[in-house]
Amino acid sequence: MHEAKNERLRKFWFWLSISVNLGFLGYFKYYNFFITSFADALSEVGIERHFSTLQIILPVGISFYTFHGLSYVIDIYKKKIVPEKDFVQYSVFVSFFPLLVAGPIERATHLLPQIQKKRVFNATQAVDGLRQIMWGLFKKLVIADNCAQYANMVFNNSGEYAGSTHFIGMLFFTMQIYGDFSGYSDIALGTARLFGIDLLRNFAFPFFSRDIPEFWRRWHISLSSWFRDYVYIPLGGNAVGMWKRIRNTFIIFIVIGFWHGANWTFILWGFVNALYIMPYLLLKVGKHETSIAAQGKIFPSLKEAFQIVTTFTLASMSSIFFRSKDIAQSFHFYKEMFSASFFQKPEGIRNDLVWIIILFLIVEWAGRENQYALEKMGFHWPRPLRLAFYYVILAAIFLFAGTSQQFVYFQF
Amino acid sequence: MKQFLIKFFAFIIPVVVLAYGADLVVSHFLKKSNQYVQGEYSTWNALYDKKVDSEILIPGSSRAWMHFDATRIGDSLHTKAYNLGMDGYNFWFQKYRLELAMRDNPHPKLIIMSIDAVTLQKRPDLFNPNQFLPFMLENDELEKISESFLGYHGYDYHIPLIRYFGKGEAVIEALKMVFNDSEPKRVRGFEGQLKAWNYDFERVNKQMDSFTVPLDPTSVRMFEDFLKEIKQKKLNIIFVYSPEYIEGQRFVKNRPEIMALYNRLSAQYQIPFFNYSNDPISYDKKYFFNASHMNKLGAELFTTKLIQDLKTLNIQY
């Protein structure tokens with residue numbers, strides 16, 4: 001493509017490369033979905049057809065490295081980079097182990113130059129990496145794995161519990177998925193930093209967002225920015241009329257949903273999030289582009305606190321689609337949640353877990369102006385106090401780790 | 001790099017060095033808890049500290065723990081009795097507890113084997129696994145007996161503190177014991193349950209009409225070997241099937257087969273078998289809190305009847 005003699009040939013190689021990449025993804029991840037959906041659609045009009053489905057195991061992290069590879073191809077096509085001719089360096093870019101199974105989805109323009117240059121061990125960077133790994137482990141083992149137990153209990157036995165328990169189960173699932181995925185990202189970023197490589201930031205304290213557009217700028221950043229740069233902007237971005245922007249927003253969010261899995265629940269999850277965005281798009285509000293909630297202050301204003309709680313609740317509400325195995329289960333969950341028992345005392349909540357979550361959110365809030373919560377925390381404290389703080393976190397990881405759960409995003 | 005590694009190990013080494021001491025301290029205080037893990041620590045403490053000191057030993061499951069008032073049995077027969085009942089466990093661990101008790105007294109006057117429908121079943125995992133925590137370090141016997149159950153790994157028995165991973169609740173309980181002593185739940189291994197009928201049986205019954213208890217051939221063989229050994233040692237042993245709510249008895253589909261096995265073993269090894277399955281207690285729900293467990297009212301009435309029956313054995317204590 002880079003050496004194509006004319007534009008037509010360049011385009012040919014580009015689309016061939018895109019097709020091959022997406023072809024693998026489509027074959028492994030989406031073939032069964034399309035074939036069963038097609039069969040269902042035929043069945044609806046009275047035509048009964050049986051199509052054989054693939055009985056194969058989905059390669060771990062296929063969505064991540066497909067998009068990782070696509071960014072390389074697109075950036076070459078856009079002439080942002082030149083193709084890497086050193087096979088070893090290209091292989092490291094494609095299969096750099098910390099991000100192989102669950103991202104962040106790297107850009108060739110960001111990662112390749114770091115691989116190409118000579119790296120020297122940097123102790124400060126390595127210590128920072130270990131600190132981020134420790135915080136990632138806390139998020140995964142303590143927050144995510146413990147919240148998962150409660151969320152699984154409610155989602156797997158919906159109907160046996162009160163509406164209030166469903167509500168708490170929904171909140172715990174949101175905490176689980178944040179702890180799980182941002183924890184993984186912290187471990188990946190910290191590990192990469194030990195090797196002198198800075199990966200793209202994936203989470204920027206999304207639970208402290210004041211509106212849904214801000215939430216999406218802070219949640220799974222490497223994916224949302226990928227779609228922004230490679231899909232939304234080529235579709236016209238913000239430079240088109242309102243109707244096209246609405247169309248483009250729905251396209252982006254539905255595709256983001258579909259990227260997560262071949263299931264209508266993910267598509268609906270994306271659709272609901274696109275709906276959430278609409279008021280901000282139509283009314284042209286939601287201007288929290290880069291600012292941080294209560295920047296430079298300890299507490300948020302009452303207005304900010306209300307906005308943060310509302311945004312978190314809306315994000316949690318949509319996560320029901322994300323967690324459910326099918327759409328029927330999602331709607332059943334909503335029905336059970338908004339039943340008369342919504343005001344009953346929720347069942348089965350562990351007090352220690354509630355306290356751990358509260359302390360976790362306090363630490364996250366205190367560190368929200370940094371790359372990750374612990375990045376600069378305690379730098380001005382006496383050294384013994386700072387060390388004691390780290391030992392307390394290690395002890396908390398050791399003692400309060402929940403029952404081991406697979407990383408949620410490994411399935412994608 | 002060198003400086004980084006020095007700092008890294010300087011941070012980690014204190015944790016490793018202090019782990020053994022921390023293990024001893026946590027385990028020491030955790031053992032003192034009488035409320036945690038259903039009060040199992042009091043029985044384990046008595047066994048490991050050789051304080052069972054009894055002529056009558058009562059091994060069994062939770063049905064033993066909740067049904068046999070060992071203090072009354074001992075007092076009535078002018079001796080001492082100890083209830084070794086262990087919640088959630090079948091013969092594998094029941095035998096281990098009995099062996100530990102018999103180390104202190106190799107020739108008890110009577111072994112009251114509390115049997116039930118699940119005695120010869122074997123569960124795959126360790127039930128209530130935190131009950132083993134303070135006793136595990138370098139405990140090869142416990143490691144061996146539990147190796148066929150899911151729950152702990154070999155390293156949990158040999159690396160200090162590692163078995164407390166994810167067990168913050170247990171460590172908090174140990175910390176509480178630094179400042180408090182808890183009241184014993186079990187007295188000589190027995191604890192009557194002040195509970196009314198809890199409708200668990202009705203809930204289960206809605207989901208299934210009956211249940212078949214899978215007998216574990218290894219457990220059956222082990223049980224029979226145990227009986228032979230007891231008989232060779234000329235020790236007195238009896239089988240007691242304490243009252244079980246009649247609907248619960250009917251719920252176990254292969255109960256006749258299990259009872260036939262016990263009757264055969266009783267006849268073959270000349271072991272008296274006190275079967276209370278058809279006792280009037282078994283027909284009255286007020287004596288139970290669920291289908292297989294009597295409440296305190298039922299346990300006291302049953303113990304009274306058992307004492308009368310034990311007197312007929314004419315054993316000199």
Side-chain angles (χ1 to χ4, degrees), chain A residues 119-131 133-134 137-138 140-149 157 159-160 190 193-196 349-357 359-360 374 378 383-384 386-405, chain B residues 1-23 25-27 29-30 36 125-130 133-134 150-153 155-156 159-178 199-200 202-204 206-207:
Chain A
R119 288 178 309 283
V120 180
F121 182 78
N122 180 329
T124 310
Q125 197 182 21
V127 169
D128 190 44
L130 286 179
R131 201 182 293 118
I133 290 172
M134 180 170 74
L137 286 171
F138 180 86
K140 167 60 183 157
L141 297 176
V142 180
I143 301 298
D145 287 355
N146 280 303
C147 287
Q149 279 177 281
N157 305 288
E160 287 183 21
R193 210 159 280 168
L194 290 173
F195 294 90
I349 297 181
R350 280 169 45 200
N351 286 339
D352 59 343
L353 181 57
V354 173
W355 281 112
I356 288 169
I357 291 172
L359 290 173
F360 166 68
L374 291 193
R383 191 179 158 79
R386 186 152 49 94
L387 282 176
F389 178 61
Y390 295 152
Y391 280 126
V392 166
I393 292 172
L394 280 182
I397 293 170
F398 183 80
L399 293 173
F400 295 104
T403 310
S404 176
Q405 310 274 337
Chain B
M1 175 72 99
K2 195 177 162 189
Q3 279 299 312
F4 169 76
L5 290 175
I6 290 169
K7 276 188 181 177
F8 179 74
F9 286 110
F11 183 76
I12 294 296
I13 284 170
V15 178
V16 177
V17 170
L18 292 174
Y20 188 74
D23 190 310
V25 171
V26 170
S27 299
F29 285 106
L30 187 57
Y36 193 55
D125 58 327
L126 290 171
F127 179 76
N128 200 1
N130 287 7
L133 282 172
L150 297 171
Y152 292 111
H153 305 281
Y155 57 78
D156 288 316
I159 301 174
L161 272 189
I162 204 83
R163 67 192 180 283
Y164 285 99
F165 180 76
K167 311 269 187 186
E169 187 192 50
V171 176
I172 288 172
E173 183 66 20
L175 289 174
K176 282 184 197 166
M177 291 301 108
V178 176
Y199 297 97
D200 278 353
E202 284 80 354
R203 276 190 284 273
V204 173
K206 264 186 197 168
Q207 291 166 13

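Protein chains get the first letters and strands the later ones, always in sequence-line order, with residue 1 at the start of each.
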TODO: Can you tell which part of L194(A) gets under 4.5 Å to a heavy atom of chain B, answering side chain, backbone, both or neither?
DONE: side chain

TODO: Sort F398(A) into side chain, backbone, both or neither according to what part of it lies under 4.5 angstrom from a heavy atom of chain B.
DONE: both

Any chance [atom1] of [X] has more than 12 other-residue heavy atoms, nucleotides or ligands included, within less than 6.0 Å?
X: Y199(B); atom1: OH; value: no
X: E202(B); atom1: CD; value: yes
X: R203(B); atom1: CZ; value: yes

Open item on the list: In the structure I gave you, are the side-chain heavy atoms of F11(B) and L394(A) within less than 4.5 Å of one another anywhere?
Closed with: yes

- [ ] Find out whether F4(B) and L130(A) are in side-chain contact, i.e. whether some heavy atom of one side chain is under 4.5 Å from a heavy atom of the other.
- [x] yes

Task: Pick from Q3(B), K167(B), M1(B) with the largest number of heavy-atom pairs that fall under 4.5 Å of chain A - done: M1(B)

Task: Proximity breakdown for A10(B) and chain A, heavy-atom pairs closer than 4.5 Å - done: backbone

TODO: Find the distance between CZ (F400(A)) and CD1 (I172(B)) and round it off to the nearest 0.5 Å.
DONE: 3.5 Å

TODO: Can you see which heavy atom on Y391(A) is nearest to which on V15(B), and at what distance?
DONE: CE2-CG2, 3.4 Å

